Amino acid sequence: QVQLVESGGGLVQAGGSLRLSCAASGRTSIIGTMGWFRQAPGKEREFVAAVSRSGVSTYYADSVKGRFTVSKDNTKNTVYLQMNSLKPEDTAVYYCAADRGVLLATGMDEYEYWGQGTQVTISS
């Protein structure tokens, strides 16, 4: 199967930047689309961004469009989420997810593999 491990979370001030990483291992050849989700305290997990297998196609939630950039390095089996102009409302646990499909999925139930998450906290 596929294992996903996120890293790069932390505490930053509003307006700052963070870069999250998600390293995939195991049967990485079956991975198609990869995505980022987040879950704030007391809220449901929500879609943030997705990237195609090739890394060419991306899709973003409206709330992060223009501030976040998703990319991937297939030589390292790693996906990144560059987060700029961070806001307190970006505070959440961020999860990496992977699917075998080729569509840029936005629904949680469309992703088969999940990481354990990394905490991002933005102070005002």
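Keep in mind that what you see is a predicted model, and the values were worked out from it rather than measured.
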If you group Ile, Leu, Val, Met, Phe, Trp and Tyr by side-chain heavy-atom gaps below 4.5 Å, do Val120 and Tyr80 land in one group? no

Consider only side-chain heavy atoms of I, L, V, M, F, W and Y, link residues closer than 4.5 Å, and tell whether Tyr95 and Leu4 are in one cluster. no

Report the distance from atom CE of Met83 to atom CD1 of Ile122, rounding to the nearest 0.5 Å. 6.0 Å

When you group the ILVMFWY residues by side-chain heavy-atom contacts below 4.5 Å and let the links chain together, are Leu81 and Trp114 in the same group? no

Please round to the nearest 0.5 Å and tell me the distance separating atom CZ of Phe68 and atom OG of Ser17. 9.5 Å

Ala14 and Pro88 have their tightest heavy-atom pair at CB-CD, 4.1 Å

Please answer: with hydrophobic residues joined when any side-chain heavy atoms are less than 4.5 Å apart, are Tyr60 and Val48 in the same cluster? yes

Spacing of Phe47 atom CZ and Trp36 atom CH2 [to the nearest 0.5 Å]: 12.5 Å

If you take all heavy atoms of Asn74 and Ser54, which pair is closest and at what distance? ND2-O, 3.9 Å

Looking at Glu6 and Gly117, would you say the former's side chain and the latter's main chain have a donor-acceptor pair under 3.5 Å? yes

Does Lys43 have more than 12 heavy atoms from other residues, nucleotides or ligands lying within 6.0 Å of its NZ? no

To the nearest 0.5 Å, how far apart are OG in Ser52 and CG in Leu104? 6.0 Å

Check Arg38 against Ala92 and note the closest heavy-atom contact, atom names and distance. CB-CB, 3.8 Å

What is the distance from atom CD of Gln39 to atom CE of Met108, rounded to the nearest 0.5 Å? 7.0 Å

Take a 6.0 Å sphere around CD of Gln116 and say whether it holds more than 12 heavy atoms from other residues, nucleotides or ligands. no

Would you check if Ser21 and Lys76 make a side-chain contact, meaning some heavy-atom pair closer than 4.5 Å? no

Note: Ala50 and Tyr111 closest approach over all heavy atoms is CB-OH, 3.6 Å

Cation over ring face, Arg45 and Phe37, 6.0 Å, 45°: no

Which atom pairs, one a donor and one an acceptor, fall under 3.5 Å between side chains of residues 26-34 and the rest of the protein, sequence neighbours left out?
unit_1: Thr33; atom_1: OG1; unit_2: Gly101; atom_2: O; d: 3.4
unit_1: Thr33; atom_1: OG1; unit_2: Leu103; atom_2: O; d: 2.6

Rounded distance [0.5 Å steps], CD in Gln13 versus CG in Leu86: 11.5 Å

Evaluate the side-chain hydrogen bond (donor to acceptor under 3.5 Å, both in side chains) criterion for residues Tyr113 and Gln1: first the C-alpha distance (whole Å), next the side-chain angles of each, then the deciding distance (0.1 Å), finally the verdict. CA-CA 9 Å; Tyr113 305 102; Gln1 300 302 315; 2.7 Å; yes

Under 4.0 Å between a Lys/Arg side-chain N and an Asp/Glu carboxylate O for Lys87 and Asp90? no

In this structure, would Val51 and Leu20 fall into the same cluster of hydrophobic residues linked by side-chain contacts under 4.5 Å? yes

